[in-house]
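Below: the structure, in structure tokens.
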Amino acid sequence: MHNKANTVNRAAAKEKTVGKRTLIGTVIDASTGDALIGVNVKVKGTGEGTITDLDGKFSIGVTSQTQLEISYIGYKTQTLMVGDLGVMTVKMESDNEMLDEVVVIGAGTQKKVSVTGSIATVKGATLKLPSSSLTSSLAGKLSGIVSVTNSGEPGSTSDFYIRGINTFGGRSTPLILLDGVEISSNDLNRIPAESIESFSLLKDASATAIYGNRGANGVMLVTTKSGTENTKATVNVSLEASYFRPMNRVKFADGATYMQTYNEAAQARSATQITSPKYTEEQITNTANGVNPYVYPDVDWYDLIFREGNFNQRANVNVQGGGSRVTYYMSLQANHDTGLLDAPDYYYSPNINNWEYNFQNNISYKLTNTTTVDLRMMAQIGNKKGPNYSTSDLYKIVMQANPVAFPAYFPSEDGDEHIRFGNAEIKSGVYGQNPYAYMMSSFKEGNYNTLNTSLNITQDLSFLTKGLSVKALVNFKNWSESTYNRSITPYYYKVKDGSYDFGTNQYELQTLQTGSDYVSQSDISKSADQTFYFDFRADWKRSFGDHNLTAMLMYMMREYRSSVLPNRNQGYSGRLTYDYSSRYLFEFNFGYNGSERLASGERFEFFPAASVGWVVSSEKFWEPMSKYVDHLKLRASYGLVGSDEFNGSAPHFLYQNNISIGAGHSFWTGLPSNEINRKGPAFYVLAVENAGWEHVKKFDVGFDMSLFNQLNITFDYFRDHRDRILMARSSWPNMLGYWGSLPWSNIGEVINRGVELSVNWNKRFGKDWIVDFRGNFTYNQNEYKYVDEPEYPYVWQTKTGKPLNTLTGYVAEGLFTSEEEIANWPDQSQLGANIMPGDIKYRDINGDGAITTEDQVMLSPYNSVPRIQYGFGLNLTYKKFDLGVFFNGSAKRKIMINSGYAPFLSGGGDGMTTESLERNLMQWIADDHWSVDNPNPNAAYPRLGITSADTSNNTQPSSYWMRNGNFLRFKSLEVGYRFPYCRVYFSGDNLAVFSPFKLWDPELSWNAYPLQRTFNLGVQFTF
């Protein structure tokens, strides 16, 4: 009885603690902010309830444990926990996702149905891959973006362009904004996909004109997640472990094949029989049989220096929630990236060991019912350890090193405190490059910090006039980095000539270079930059029956400082939109921006843009078609945007002269008996006359369509005309005496046009199956409308009228078959001193009887930057299982493979400027080259040689080396299963590539750090 009484007393006390109180609330439309009348508000699990009044307000009795169900026709039903709230604002979202979806636009948001500009948007989750590099996931995910990967090195950033490249000399990459503030592509690369709410591309003038001088190349908007009102905290935890290994790397010949082929190459260029080849049969046999690898080395440099694979780890924790006053989103991510280097511990470990941390903290607080303060803070902190060189540089050295010149190292002897690295002498005091010693000879540690903090204050001024608000944004971005390095001079040895005893298998070492036994350490090197940004804007939104109006006016200023003199710009921008019943749409945008690079009086310029739209499916006459085409919007835009990010070789301040008195050429003056030597002025830079902005006139027309309430299609045609491109005057000859001050002028022009297509099909089958298919297609074609050029004698030497991204070279007519054919062919001696059968023959384009640079023509209107980029993927959900696959590809793409890998050359040439040891031999060259014994006219590689003079004719850029670089990449696969509180998944990245080009990865050069195939196991917890 006593225990029972205590239980009753505790229950009564609890009931008293959670006793009923009155909750006052307001229900509004989430998009418009208008009050909703007659909304049903019920206490879940009971019959108690009420409805909102004419002002959208309600009051109801609740406890701290009450859950409210709020429902209204045409809106999604919400269930909210009351907790300790006394006042609540409920934002109702439309249950028509097409009408209610909001997209991020320049300096604001807008309902998707009323957008008239060309904007592509994806959710952050779409970009998620088992990688710490966000930019590697962009290709094929959004229409309009062209992404090019140049390296698989950890932390490398892909190059990306919006609607391709539409200028030359200056910046062609887009402006990137994180929550309205400019960031770099490296900053973007480190942002975790979990923190991104949406990722938008602004592509046409109506979308980018508001950025004025910064919108010419398109704008990329990244919006991080925010908290949610009146919801309990949701905790998400993601843990991933990845295994990766390189794919599609080049295969090289073994030692014996290398030596045999070298002897063949030497004989192929000799007029007489070589009786004492460089490599004897004994050497070749002993190398093939593995006899003493220190005397007869056969080093697989790649296998020695790089691992077969390695592991990375990744973790993310984020919390999201909020009440009626405060909302919050906080995220912490840690990435641990390792590379493929396989270095033993020495005086230090040069293996790659990178730790990166990303912290995102977004807090919003309502000071009053009309005042909101938002604080968004992103911190990126990293520690990188590895060699004091780019891993890509080491990879290139490995690709060049032949297997037989020397062993990587010799066995240590008693008392050794250093590694006995192998090497060989090129000439007295000059040695080859041992990749293993290069890997072990240095170490570097770097720490970087990026702090990006934004404070937003929004004030509702509806008490002055309905729909009016103002907003101020202040941002500080600070980046700093500190590094130091350690190094040691290696000891080099070789087997002393004639010292090897085959019977005892003993040899004597000779010291080539005496290294150091102590580590050298540098001082700490520091660098930093700071950016300050401020904008103030006024927004107005009002509806008058079916007439809907919005307006925005903004002032901005930005200062970037990395040295004593900062870079600054400022400007005004605005937007006016009107729609009638969400059917007839009009939008006007402008930017009025200034640039410090131009002279006073010429710094500011006005950049206007306008767009119109017609939602055809909202018309009465469309009703019979609505069950098939439930949404159709036609739109068009035209406008002017600008750029002051001119050619990188141009002076920063275009209006300044740079003249040094007494630093030019010398001359003598005076009487013969009393001559005086003087120097004239040196003209380094002459001010650009009438310098101005680069202009881009952007035209776009397109449509958005939804079929059967499940298939969404977006199509755009665009044409950009860019003029006033700043360039050096190439048509002005040096004889005019400009010395080092060739004048600059705003005279270049480029036309860029293309089409984009985006398709999304989402369908639920029964209660268990959900199918989601997405596809994107981008095509662009550019050309020089005008480029200042010398007066070339032949039209094919000009650029005007041709695409920007071309491949130029000689037209190959196959291989010479005989000395008679060479004698009767146009003279090619300017390309090579000793033309022989098996060498490449070239077409004499100008018919002058000699092959010269004047015979080089455009071989392809496109190069490694694709004209077409596409992607498609499928997501399937069945009950608690999910499956996702994604492919991306590039087409209309050509690559040139002539440079840098011609085997054996030791005296320079083919990309080498200095003498070196004989270069490596690719297996495909050993397998399929022209030879006297096999004079195949269709051989993959022409006649061999061992010097630059032998092969310079064959290493010229020509159609012989041009290949089809199209590819389709099986980018990702993910399989998951959802438990009550977690999801377990397995994923893969870069699983396969399909291409007519088979020698190496078609997206990379032959000596680029390879892409990795990654397998990932992860778990996601939700609490």
Side-chain angles (χ1 to χ4, degrees), residues 255 258-259 262 265-266 276-280 283 293-299 301 304-305 343 346-347 350 387-390 393-413 415-443 485-500 507-522 900 902-921 945-951:
Y258 177 89
M259 291 188 287
Y262 181 95
S276 300
K278 179 178 178 68
Y279 299 107
T280 65
Q283 287 176 294
Y294 301 107
V295 180
Y296 301 103
D298 184 2
V299 183
W301 290 106
L304 175 69
I305 290 176
Y346 195 26
Y347 294 94
N388 187 27
Y389 47 77
S390 164
D393 290 341
L394 174 61
Y395 188 83
K396 292 175 182 178
I397 293 171
V398 169
M399 296 294 101
Q400 297 278 14
N402 80 64
V404 300
F406 48 78
Y409 54 86
F410 292 96
S412 60
E413 297 182 3
D416 280 354
E417 294 184 355
H418 61 265
I419 298 175
R420 294 172 172 254
F421 295 108
N423 213 318
E425 209 167 25
I426 299 174
K427 59 184 179 182
S428 179
V430 179
Y431 309 108
Q433 197 160 40
N434 182 330
Y436 191 74
Y438 186 78
M439 174 179 68
M440 301 296 296
S441 63
S442 69
F443 167 83
N485 64 76
R486 294 171 177 166
S487 62
I488 190 166
T489 304
Y491 283 81
Y492 286 139
Y493 297 84
K494 76 167 189 175
V495 174
K496 187 175 182 179
D497 294 340
S499 68
Y500 178 60
Y507 56 86
E508 184 180 343
L509 289 183
Q510 175 183 337
T511 302
L512 294 177
Q513 173 178 289
T514 301
S516 60
D517 295 318
Y518 301 97
V519 173
S520 298
Q521 181 169 297
S522 72
F904 311 131
L905 307 187
S906 57
D910 188 32
M912 300 288 286
T913 57
T914 58
E915 291 180 298
S916 65
L917 294 175
E918 291 80 6
R919 297 198 301 199
N920 211 349
L921 171 67
I946 60 173
T947 69
S948 177
D950 293 339
T951 62

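Residues Met440 and Pro350 form a side-chain contact, since some pair of their non-hydrogen atoms from C-beta on lies under 4.5 Å apart. Proximity of Met259 to Lys278: side-chain heavy atoms (C-beta onward) are nowhere separated by under 4.5 Å. Inter-residue side-chain proximity for Leu921 and Asn402 is flagged as unmet; no heavy-atom pair is nearer than 4.5 Å. Looking only at side-chain heavy atoms (C-beta outward), Tyr262 and Ile946 come within less than 4.5 Å of each other. Taking the side chain as every heavy atom from C-beta outward, Tyr492 and Thr511 never approach each other to under 4.5 Å. Using a 4.5 Å heavy-atom cutoff, the side chains of Ile488 and Tyr346 are in contact. Using a 4.5 Å heavy-atom threshold, the side chains of Tyr296 and Gln283 count as touching. Side chains of Gln513 and Thr489 form a contact here, defined as non-hydrogen atoms less than 4.5 Å apart.
The distance between the ring centers of Trp301 and Phe406 falls below 6.0 angstrom. The aromatic ring centres of Tyr347 and Tyr518 sit 6.0 Å or more apart.
Using a distance-only test at 3.5 Å, with no hydrogens or angles considered, a donor-acceptor pair links the side chain of Ser522 to the main chain of Asn485. No donor-acceptor distance shorter than 3.5 angstrom exists from the side chain of Ser487 to the backbone of Ser442, with no hydrogens or angles considered.
Pairing each heavy atom of Gly945 with each of Leu905, the nearest pair is O-CD2, 4.4 Å. Scanning all heavy atoms of the two residues, the minimum distance from Pro403 to Asn920 falls at CD-OD1, 3.6 Å. Ala437 and Pro490 get closest at one heavy-atom pair: CB-CB, 4.3 Å. Residues Pro407 and Val299 share a closest heavy-atom pair of CA-CG2, 4.0 Å. For Tyr438 against Tyr389, the heavy-atom pair with the smallest separation is O-CE2, 3.3 Å.
To the nearest 0.5 Å, atoms CZ (Phe904) and OG1 (Thr951) are separated by 11.0 Å. Rounding to the nearest 0.5 Å gives a distance of 6.0 Å between CG of Leu304 and OH of Tyr436. Taking CE of Met439 as the start and CD1 of Ile397 as the end, the distance is 11.5 Å to the nearest 0.5 Å. Taken from NZ in Lys496 to CD in Gln510, the straight-line distance is 6.5 Å, to the nearest 0.5 Å.
Checked by atom type, the side-chain pair Tyr491/Asp517 shows a donor-acceptor distance below 3.5 Å.
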Listing, residues 415-425 side-chain donor-acceptor contacts under 3.5 Å, not counting sequence neighbours, or none:
residue : atom : partner : partner atom : Å
Asp416  : OD1  : Arg420  : NH2          : 3.3
Asp416  : OD2  : Glu413  : N            : 2.8
Asp416  : OD2  : Arg420  : NE           : 2.6
His418  : NE2  : Tyr493  : OH           : 3.1
Arg420  : NH2  : Glu413  : OE1          : 3.3
Asn423  : OD1  : Gly432  : N            : 3.1
Asn423  : ND2  : Gly432  : O            : 3.0
Glu425  : OE2  : Gly429  : N            : 3.4

